[in-house]
Every structure is written in structure tokens, then in C-alpha cells.
Amino acid sequence: MKSTKPTRTRFAPSPTGYVHLGSVRTALYNYLFAKQHDGTYILRIEDTDQTRKVDGAVENLISVMSQLGMPHDEGPYRDGSNGPYFQSKRLQLYANKVKQLLDSGHAYYCFCAPERLTRLREEQQAQNLPQGYDKHCRDLSPETVQANLKDGKDFVIRLKVPQDKKIVFTDLVRGQLEFDSNLIDDQILIKSDGFPTYHFANVVDDHDMDISHVIRGEEWVTSTPKHILLYQAFGWETPSFAHLPLILNPDRSKLSKRQGDVAVEDFLKAEFCEETLINFLALLGWNPGSDREFFNLEELVSEFSLQKVSKSGAVFDREKLNWMNSQYHKKYLPEQRFLELVKPYANIDKLKSWSSSVLDKVLLTLRNQIDKPEDIKELLSFFLSRPTVDTLRGQECSDILKIESNNRLFRFIVSQLQGLDSLSSDGLRSITRSAQKDLGIKGKSLFMPLRVALTGATSGPEVFVFAEGLGKQECLERLLLAHKVHQDITQESE
RNA sequence: GCUCCCAUCAUCUAGCGGCCUAGGAUGUCGCCCUUUCACGGCGAACACAGGGGUUCGAAUCCCCUUGGGAGUACCA
């Protein structure tokens, strides 16, 4: 019973311009499943709707997917032996296949005008009847069909859905599903413009490309029986199916543009890194069976399983996404990767003279204060600009600066500093230590004045590393300024 | 309307008959740590939709009700 066929999955989006988050998750699960089984992950472009074509959409899609770290193994620009991978370039193939169905009596020509169909639907709707084609052309005589064709009448080709049949299949996430063929419409296979419909092209291509597992969104469950009927009409083996739960808006409707961003590009352009998005999306509808929440792509490949995919839809929770993103920036990203993400935002003139190792060190000490890369900018520029007298005289700082021992403290630090060739974080640390020992100043009245003098703020990251970045001269000047403000404040209050 | 699917904290979820006085995470609120801000640690509040069965025993199995969702196109 166990299939020995190689695992081949596919991601088959229609190129509508941007990449929907739901698409990314579908693609991700397909990718993970394929990789886990040493299989092949295929990208196929479903562009049979000529009216919805968007220029550049395919290129954008491919670049986004590779940016996310899951490029396709087979597909556009990466030909396997099953191309072409654009449905619009496979028209001849579909034509041959319908012919087959027409000849075997599984499909028929339908000459009904769209207006008739619309009217039919309206009537059915009014009477609360199930909607569907009334099979008007299903049993047209061959002569009539020939005559109509000869007259050049517009036509579509429909599937002749068998009556009174139960269609049963096992969905890998939902279990056994059952449908009554009498409720299934005689599906259009070829549109009057000669293009195949999704249903037809999809089945033909999946078979043609040897797809072993069809993993797609839940919106496709109800059309799966149609697809199965098609496989049967051709006498083909059906692939396995797995339908993924929908990703939902906060109001529990299908995730849509109306209620906020749904394009991955937008998230990528904003503050979210690829790692966060992949990790977060993976966990929307799937769980590892443990409490673990952080996974990189590689880890997902080994952990993923369709059995652990949940059946119910999942609300896209931006709060948790934000949290996960900040966790990635604070600690889960490798240091080099973090630096790479953050550096474009640290492109500040004043930093040009800093040695890159010191800059890296400073960026790294700022790391746990960051939720997203651009936060670094504000954080840095704040410390980079020398505190102004106004700042130092502000309530927050002056409370610290008016401490009496500051006089001795600043004098001490300045003189020690002057004796140094250059300032290192350890150098300043030991100066502080001796200030504590020699002057007997400690705790808040030791560290806070130093912090205020150097940064003009009462809170922030580790001052020592930062001081190294500033350099000896700048530190001296900041200390002298703070010292002066201290003296001024003290005098004024006397 | 019809068909199909789904149903545990506000949200993501664990749970596949006894380990459940239901676990984790986000968010919220406390406390601790930190001479700052964070990070971090600890804790609190918060859920098995309702009703029937089955069983010695049900969040877990069955049925009904209710609620939600998807599909119902010459769109995918």
C-alpha cells in the first residue's frame, strides 16, 4: 500500500502581483514536506486567467521566495524535465487532453450562452435550490454538435460528471471526506477563449509533473472531488491530498487585504526578518508537539509533519509576530546576521571613524534593547550626540549631577583618563573601580553621574563599551562639560 | 439556500479515555533581579460552546443543537 514514488510537491500560485502570507505558508509546508522526504519542490505558475495577468509578478514571486530561503527545485528559470512551468505555455497539452476526454465520452461541448447561465443561476437562487448547470448540452447529438461547431458558435467544454456516485478520499489532515456526485456541477474544462480552467489545468499538470502530494489551502476541499473525477476519467492515479487550515483576520474571516497587510513583501520591507516570518508562519496551523517555539528553516524541515497540522483556521496575531521578531533580533539571530541587518541603520557619519570591531561591540550591547533593526538608529544617534547643557540641566540629569561627590569624582576620572593613551572599556571600568576604592564613592552616585555625563541620560546600555566607541577625547570633553554643569548647579543653589 | 469543514483561555496551541483540580506561548497585571532602561526570572487572572448518550471513568468516542468558516464563476 505504501507508495514508493518519489515525493514531489508543488506550489502553484497565480501571479497576482504580490505574495500573500497564506501563499507563503502553503509554499512553506510544500517545501518542508518535499525536503523532509528528499523530494522535489516545484513552482508552477497558474496563469490561465488572462484578465488577471500582472507584469513582473512572477519575477517578484521568485525573488521573494528565494529571499525567504526556499527557492524551487523545478519551475520557471529552473527547468526540470516537466516544463514548461507556465500554464499559459501548456495550451497545446491541454487541448490534446480534452480531446482524449471528448473521445472517451467523459466531456462534452456546451453551447449555452453566458446569459442563459446567469438566468439559470438566478432562478435557482430565488427558489433556494442548489446552484449548478442544468446539463442542457450534455446529451446533444453528434450532428447538432458538429453543426454548431461548423457555424462557429462559441462553446466551452464540460466534464460529464457521473450520476449517483460517492466520491470518497482521505485527506492527510482531515481524514476521510465524502461527496455526492449529484451535487457536483458539470465543471467547465476549457473556457470559450480556449484556455483551460484552473480545475482542468491543475489536474493535467499535477499528473504530468508527477506530483505525489497536493498540499494546498482549505478553500480547495470542495473542488477536490471534481479533480478526483477528472483523474478517474483519465484513468490516472490520484495524488495524496492535504488541505491546510485558513489563515484568518481577527474577525475570523479569511485573511484579506482589507484588514491590514497581507503581502510578505510589506512585512519584509518593514521590520520583520525572514527568519521571523518563516518561523511564525510555520507555527500558524502546525505545532511541533512540544513547547518549543523557535525553529530555523532547517530545523523545520526535520520537525515538520502533516499529522500535526491543525484542522481549524488560525488568526494571524500581529502582537505575537512582533514579539517573535523582537526575540529574533535580541537573541535568536546569529551575531553576524544581526549585525548585517542592523548596520544599514547604523550608517551615521559620526560612526565613520569608529573601528568596526568597536562598532560591532557597541551594536551588540545595544542588541537587547532592540525590537527591530531600525531601532538601532535612534538608540545610536541619541548617544552619539554630545549632551547639551540644557539636557544636563534638565530635571532627570540635574538630580544626578547635583550629587556632592561629583566634584571629586569627575576630577578623578578626568585625570586618570588623561593619563591613558587610549580608552578601552576595560580601562574605564578599572578607573571606576579605583574611584570606588580611593574616593569611597559607590553605587548610584558612582555610576549614574558617569552615565549622565557620557550619555545625557539616566538609562541605557552598558556605558563602558559605549565609551570605548566614543574615544578618549570625546569622553573627556563630555566629562568636563558635566563637571562644569555640576559646579554651576551647586553654586546656584547656594 | 445547498454542500463540505471546523469548535480548549482574548490570540496561537498541547491534549489522540484515566497522568487534567486542562499544560505552554503571546498579550494584560503584579513581584523579583538589575545602582538605569531593557533582557531575564517568578507569579496572577483567563478556556474544554450547550445538551444528550457510550463507559467504572470523557476535553478526548457517538448524536443533536448552537456558533464559526469555506465552497457554490467561462477566478484561481
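Every chain is numbered from 1 and lettered A, B, ... according to where its sequence line falls, protein lines coming before strand lines.
- Checking rG24(B), rC12(B), rG1(B) against the side-chain heavy atoms of Leu284(A) singles out rC12(B) as nearest.
- Heavy atoms of Leu177(A) sit under 4.0 angstrom from primed sugar atoms or phosphate atoms, though from no base atom.
- Judged by the 6.0 Å and 45° rule, Lys153(A) forms no cation-pi pair with Tyr109(A).
- Summarising the base pairing, rU21(B) is matched to no nucleotide, lacking a Watson-Crick or G-U wobble pair whose two defining distances lie under 3.5 Å.
- Phe338(A) meets the ring-ring contact (aromatic ring centres under 6.0 Å, His included) test with no other residue; sequence neighbours excluded.
- At a threshold of 4.0 angstrom between heavy atoms, the contacts of Gln327(A) are confined to the sugar-phosphate backbone, with no base atom among them.
- Between the CE atom of Met448(A) and the C1' atom of rU34(B) there is a distance of 12 Å, rounded to whole Å.
- A sub-4.0 Å separation between OP1 or OP2 of rA14(B) and a side-chain N or O of Asn287(A) is present.
- In this structure, Phe195(A) reaches neither bases nor backbone, as no heavy-atom distance under 4.0 Å exists between it and the strands shown.
- Whole-Å rounding puts the Phe169(A) CZ to rC5(B) C1' distance at 10 Å.
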#### Entry: Contact state string [nucleotides 63-76 of chain B, B base, S sugar-phosphate only, - no protein heavy atom under 4.0 Å]
------SSSSSBBB

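- Listed nucleotides: rU11(B), rC39(B), rU36(B). Nearest to the side chain of Asn368(A): rC39(B).
- When rounded to the nearest whole Å, the span between CZ of Phe280(A) and C1' of rU13(B) equals 12 Å.
- Counting to the nearest Å, the P atom of rC4(B) and the CD1 atom of Ile167(A) are 12 Å from each other.
- Note on ring orientation: taking the six-membered ring where Trp is involved, the planes of Tyr332(A) and Phe294(A) are parallel (angle under 30°, cut-offs 30° and 60°).
- Remark: rA14(B) base-pairs with no nucleotide; criterion is Watson-Crick or G-U wobble with both hydrogen-bond distances under 3.5 Å.
- Mapping Lys308(A) and Leu183(A) onto RNA chain B by nearest heavy atom places Leu183(A) closer to the 5' end of the strand.
- Across all non-hydrogen atoms, the minimal contact from Ser14(A) to Glu46(A) is CB-O, 3.1 Å.
- Across the interface with RNA chain B, nearest-nucleotide mapping of Trp286(A) and Lys311(A) shows Lys311(A) to be the residue nearer the 5′ end.
- Among the nucleotides rC37(B), rA25(B), rC6(B), the one closest to any side-chain atom of Arg174(A) is rC6(B).
- None of Thr26(A), Thr224(A), Thr9(A), Asn30(A) except one satisfies the side chain to side chain donor-acceptor pair (under 3.5 Å) rule with Arg216(A); the exception is Thr224(A).
- A cation-pi contact links Arg25(A) to Tyr29(A), judged by a cut-off of 6.0 Å to the six-membered ring centre and 45° from its axis.
- Nucleotide rC5(B) holds its C1' atom 14 Å from the CG atom of Leu244(A), rounded to whole Å.
- Note: CD1 (Ile184(A)) to C1' (rC4(B)) measures 11 Å, nearest angstrom.
- Atom CE of Met324(A) is separated from atom P of rG27(B) by 11 Å (rounded to the nearest Å).
- Between the CZ atom of Phe316(A) and the C1' atom of rU13(B) there is a distance of 16 Å, given to the nearest Å.
- Residue-level contact check: Glu178(A) touches the backbone only, with heavy atoms under 4.0 Å from sugar-phosphate atoms and none from bases.
- Taken from OG1 in Thr197(A) to CZ in Phe200(A), the straight-line distance is 8.0 Å, to the nearest 0.5 Å.
- Using cut-offs of 30° and 60° on the angle between ring planes, the pair Phe272(A) and Phe267(A) is tilted.
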